[in-house]
Amino acid sequence: MKLIATFNTNSIRARQGLISKWLKSRDCHLLCIQETKVQDKDFPVSTFEELGYHTYFKGQKSYNGVAIISKEPLKEVSFGFDDGQDTEEDLARLIRAQWDGFYIINVYVPQGRALDHPNFTKKLLWYDRLLECLERAYKPTMPIFIMGDFNCAPEPIDVYAPERKKDHVCFNESVREAFKRLLGWGLVDCFRAFDPSPNKYTFYDYRVPKAVQRGLGWRIDHILATEVALGHVKECYIDLEPRLWERPSDHTFLCAKVKSGAY
DNA sequence: ATGGTTGGTATCCAA
């Protein structure tokens, strides 16, 4: 059994200590990271090499940035949708690779800012481009994990006070529909496949006092799996403990225990 | 309705 996980770091340099401690204590095989907020020349490669991990990354100054940290070397690593329209930002928001017989797609979906902001249009378009990318380059019968920060709480159970969040960029009808269209291609929400209970969140806003204790969170980080990939998953859970460690992120580690060898 | 915090970079923007 191998542990795979996704984590929005909100700066990988600020979170090196926390990530190292987590990788070691959990014996993680593959970690997908979002919001590294660092240019490639400044990525802390040696921190993870010293722990025996391979790192693959692309980032921008201050914003965005994705990475995969893996015990085994990855194959076929690429960035962006490869739809002929990739901007530098797109490359810093999507990394794809092959790992242990699985296709891994690590995404950092644009947050969107506000419903009437151009960034929200870009967010919906981003979901469309992701779906087109799947239709073009993959099949629902393949063993695929799409994991990362989707900036979408799919159902009312996935956010506190859903009745008050209908105009939020991470919960309004249009983004939830875009998310559902993605699932409609042939993907399952891994966490919900294992745990139907409420008050299970992956993100707690820094600005909300005692958010974890008060249950004021969002489930916006996800591991989506095709049916055949889900068949290899034995467990899927949110690891909240690092929130008690030094310099926690506002996101949590979302984990899956996977039986290896999908080919 | 508003504001609260954090990080990277500047002294404000994004989340």
Side-chain angles (χ1 to χ4, degrees), chain A residues 6-22 31-45 47 57-67 87-94 106-127 147-154 158-172 174-176 178-179 201-222 238 240-254:
Chain A
T6 174
F7 179 52
N8 180 317
T9 56
N10 184 21
S11 170
I12 195 162
R13 285 178 293 183
R15 233 60 78 190
Q16 284 175 78
L18 182 137
I19 297 169
S20 299
K21 180 175 171 181
W22 189 86
L31 178 63
C32 291
I33 285 174
Q34 306 85 37
E35 278 206 87
T36 57
K37 291 186 169 182
V38 67
Q39 297 173 95
D40 294 347
K41 66 180 175 65
D42 296 323
F43 194 97
V45 177
T47 298
F57 49 84
K58 200 172 285 286
Q60 293 179 292
K61 193 178 186 174
S62 301
Y63 305 116
N64 312 316
V66 284
T87 62
E88 283 304 307
E89 183 179 342
D90 293 326
L91 302 181
R93 285 183 179 274
L94 192 153
N106 175 18
V107 298
Y108 175 44
V109 178
Q111 193 259 8
R113 267 178 94 161
L115 292 188
D116 59 356
H117 193 277
N119 283 14
F120 187 70
T121 310
K122 202 172 71 181
K123 178 179 192 175
L124 296 180
L125 187 62
W126 216 85
Y127 267 101
M147 47 208 289
D149 180 354
F150 288 77
N151 271 311
C152 177
D158 296 315
V159 60
Y160 75 98
E163 67 285 351
R164 289 197 280 117
K165 302 294 181 191
K166 292 189 191 303
D167 292 330
H168 194 286
V169 288
C170 294
F171 186 64
N172 86 85
S174 49
V175 73
R176 289 174 59 201
F179 187 86
Y201 304 125
T202 64
F203 167 81
Y204 296 92
D205 197 315
Y206 281 133
R207 295 167 292 187
V208 178
K210 308 263 177 217
V212 180
Q213 295 91 313
R214 296 161 67 204
L216 304 181
W218 296 71
R219 197 173 69 88
I220 56 175
D221 302 276
H222 305 291
I238 298 160
L240 264 171
E241 199 199 303
R243 290 292 299 228
L244 304 172
W245 299 354
E246 232 182 306
R247 293 254 263 178
S249 171
D250 42 3
H251 289 255
T252 63
F253 289 83
L254 175 62

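Below, chain A is the first sequence line, B the second, and so on; all start at residue 1. If you're wondering where the values come from, they're calculated on a predicted model, not measured in any experiment. All values below were derived from every heavy atom in this structure, side-chain atoms included, with hydrogens, water molecules and symmetry-related copies excluded.
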(message) Main chain of A:Arg113, side chain of A:Gln111: is a donor-acceptor contact present, judged purely on distance under 3.5 Å?
(response)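 At least one qualifying donor-acceptor pair exists.
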(request) Report yes or no: does A:Arg15 contribute a side-chain atom to a donor-acceptor pair with the main-chain N or O of A:Arg247 at less than 3.5 Å? (result)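 Side chain of A:Arg15 to backbone of A:Arg247, a donor-acceptor pair under 3.5 Å: yes, one is there.
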Could you work out the separation of [N] and [M] based on their [atom1] atoms and round it to a whole Å?
| N | M | atom1 | result |
| --- | --- | --- | --- |
| B:dC13 | B:dT9 | C1' | 9 Å |
| B:dA15 | B:dG3 | C1' | 15 Å |
| B:dA14 | B:dA10 | C1' | 14 Å |
| B:dT11 | B:dG7 | C1' | 14 Å |

(message) Nearest heavy atom decides the nucleotide; on that basis, is A:Tyr63 or A:Pro209 closer to the 5' end of DNA chain B?
(response)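 The 5'-side residue here is A:Pro209.
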(request) Between A:Tyr206 and A:Ile12, just flag the one whose closest nucleotide in DNA chain B comes earlier from the 5' side. (result)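 The 5'-side residue here is A:Tyr206.
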(request) List in chain and number order the residues that pass side chain to side chain donor-acceptor pair (under 3.5 Å) with A:Ser174, two or more places apart in sequence or in another chain; answer none if no residue qualifies. (result)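 A:Ser174: side chain to side chain donor-acceptor pair (under 3.5 Å) contacts with A:Asn172.
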(message) Between A:Trp126 and A:Asp90, do the side chains contain a donor N or O and an acceptor N or O under 3.5 Å apart?
(response) yes
(message) Just to be sure I understand the rule, does A:Tyr108 reach a base, reach only the sugar-phosphate, or reach nothing, if contact means heavy atoms closer than 4.0 Å?
(response)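 Answer is sugar-phosphate: A:Tyr108 comes under 4.0 Å of backbone atoms only.
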(message) At 4.0 Å (heavy atoms only), tell me whether A:Arg164 reaches a base, stays on the sugar-phosphate, or touches nothing.
(response)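 Counting heavy atoms under 4.0 Å across all strands, no contact is made by A:Arg164.
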(request) For a side chain to side chain donor-acceptor pair (under 3.5 Å) with A:Thr202, tell me which candidate from A:Asp250, A:Asp149, A:Asp221, A:Thr6 qualifies. (result) A:Asp221
(request) Pick out which of A:Arg93, A:Glu89, A:Glu35 makes a side chain to side chain donor-acceptor pair (under 3.5 Å) with A:Tyr108. (result) A:Glu35
(request) Taking heavy atoms of chain A and a 4.0 Å limit, find me the 5'-most and 3'-most nucleotide of DNA chain B within that range. (result)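 Listing 5' to 3', DNA chain B meets chain A from B:dG4 to B:dA15.
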